[in-house]
Amino acid sequence: MPTTAIANANIALIKYWGKRDHGLNIPAVGSISVTLEGLSTKTSVEFSRDLSEDRLILNDEVAGPAETGRVSGLLDLIRSRAGSGMKAVVTSSNNFPTAAGLASSASAFAALTVAATTAAGLNLTPAELSILARRGSGSAPRSLFGGFAEMRPGQNADGSDATAIQLFPEEHWDLRVLIAVTSDRPKDTGSTDGMELSRRTSPFYQAWIDSSASDISQMRAALEQRDFEKVADLSEFSCLKMHGLALASNPGLVYWIGSTVEAIHRVRSLRKNGTAVFFTIDAGPQFKAFCLPQAQQEVEGALADIQGVKRIIRTGPGHGARLVSE
Ligand code: PMV
């Protein structure tokens, strides 16, 4: 019997960009995110003595060696912890576009961690699950939790304190999130390569690291107080600072396309006129607007009006990763 888990994607309000340890995949900075209801990955894992290698079926197709290798890397850690040598069949599907900047790696590795550790007979603490999920993707530990989550970079060389925690549950704040999909193409430079390039070449990298702790503590407080204006300012600052860092890498990383930039201006002008909205953008061209419920219709109309916006996904704070019956 396979073991199945579902995890939602998340979007960072305070961004993670840069690793302090590449091999152990330990972030160099903390991050704070919102887990997004309904943008999910469903993953089933079944270990079997009859298999000679791991098999990954991704969105109904047999996955290539790169993707299967990433999954096997995490399964190896779980197998060694469980004292098992059995290979697995992993079946995974996303209900949103993969690798186009909609954080599919976060939901994928959160779901895989929960399903595979359970299938291997392990009963782990949230911190232990975080450490495993992080090895798959630095943003994945945040998707283990519902609502508002923080990923801490920690200090230990082995990454044992680089774990995520829940800051506030999904009921804490009824924010609305509108994702304007501007492209269905996978991005040119994945986050791991992009981060490494920024660490090696961007003259802004040290300033990014040095200013991170203050962004985190201010965001924690602003979320606790549900201070929309403060959360808006901090989110846009963190997003633009991350993209500034990426742009100042060599060669520069430009994740935006024309409609992404157009949407930035549109949201800024709405906000200037009193609408409760702000934006954030990850390492891809998709545009994410956060707003209060009363502003949703107006913001959705404004985004839909932008040339190049293909569709709008409506979401908001959602559940953490969980086991489901088939
Ligand atoms: O977890 P990764 O390796 O997919 O990196 C995520 C990087 C950003 O999405 C750009 C920022 C973030 O904190 O999610």
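In each ligand, atom 1 is the first atom listed, and ligand 1 is the first ligand listed.
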Visitor: Is there a nitrogen or oxygen of Tyr16 sitting under 3.5 Å from a nitrogen or oxygen of ligand 1?
Guide: yes
Visitor: Could you tell me, atom by atom, which parts of ligand 1 come under 4.0 Å of a heavy atom of Ser105?
Guide: 4 (O)
Visitor: Which ligand 1 atoms are under 4.0 Å away from a heavy-atom of Trp17?
Guide: 10 (C)
Visitor: If you measure every N/O of Lys15 against every N/O of ligand 1, is any gap under 3.5 Å?
Guide: no
Visitor: Between Phe278 and Phe228, how do the two ring planes meet: parallel, tilted or perpendicular, split at 30° and 60°?
Guide: tilted
Visitor: So is Met195 in contact with ligand 1, going by heavy-atom distances below 4.0 Å?
Guide: yes
Visitor: So is Gly138 in contact with ligand 1, going by heavy-atom distances below 4.0 Å?
Guide: yes
Visitor: I need the contact type for His243 against ligand 1. Using non-hydrogen atoms and a strict under-4.0 Å cut-off, is it side chain, backbone, both or neither?
Guide: neither
Visitor: Which ligand 1 atoms are under 4.0 Å away from a heavy-atom of Ala12?
Guide: 12 (C), 13 (O), 14 (O)
Visitor: Evaluating non-hydrogen atoms only, which member of Ala133, Ser139, Ala246 is closest to atom 1 (O) of ligand 1?
Guide: Ser139
Visitor: What pair of heavy atoms forms the shortest contact from Ala222 to Lys230, and how long is it?
Guide: CB-CG, 3.5 Å
Visitor: Can you tell which of Arg134, Lys19, Arg142 gets a heavy atom nearest to atom 12 (C) of ligand 1?
Guide: Arg142
Visitor: I'd like to know if Arg199 and Glu196 make a salt bridge, using a cut-off of under 4.0 Å between side-chain N and carboxylate O.
Guide: yes
Visitor: Do Arg271 and Asp233 meet the salt-bridge criterion of a basic N to acidic O distance under 4.0 Å?
Guide: yes
Visitor: Would you call the rings of Trp256 and His243 parallel, tilted or perpendicular, taking 30° and 60° as the class edges?
Guide: tilted
Visitor: Do the side chains of Asp174 and Arg176 get close enough for a salt bridge, i.e. N-O under 4.0 angstrom?
Guide: yes
Visitor: For ligand 1, which part of Ser191 has a heavy atom less than 4.0 Å away: the side chain, the backbone, both, or neither?
Guide: side chain
Visitor: Under the side-chain hydrogen bond (donor to acceptor under 3.5 Å, both in side chains) rule, what do Ser249 and Ser198 come out as? Steps first, then yes or no, please.
Guide: CA-CA 5 Å; Ser249 304; Ser198 297; 2.8 Å; yes
Visitor: Might you point out which heavy atoms bring Thr182 and Ile257 nearest each other, and give the distance in Å?
Guide: O-CD1, 3.6 Å
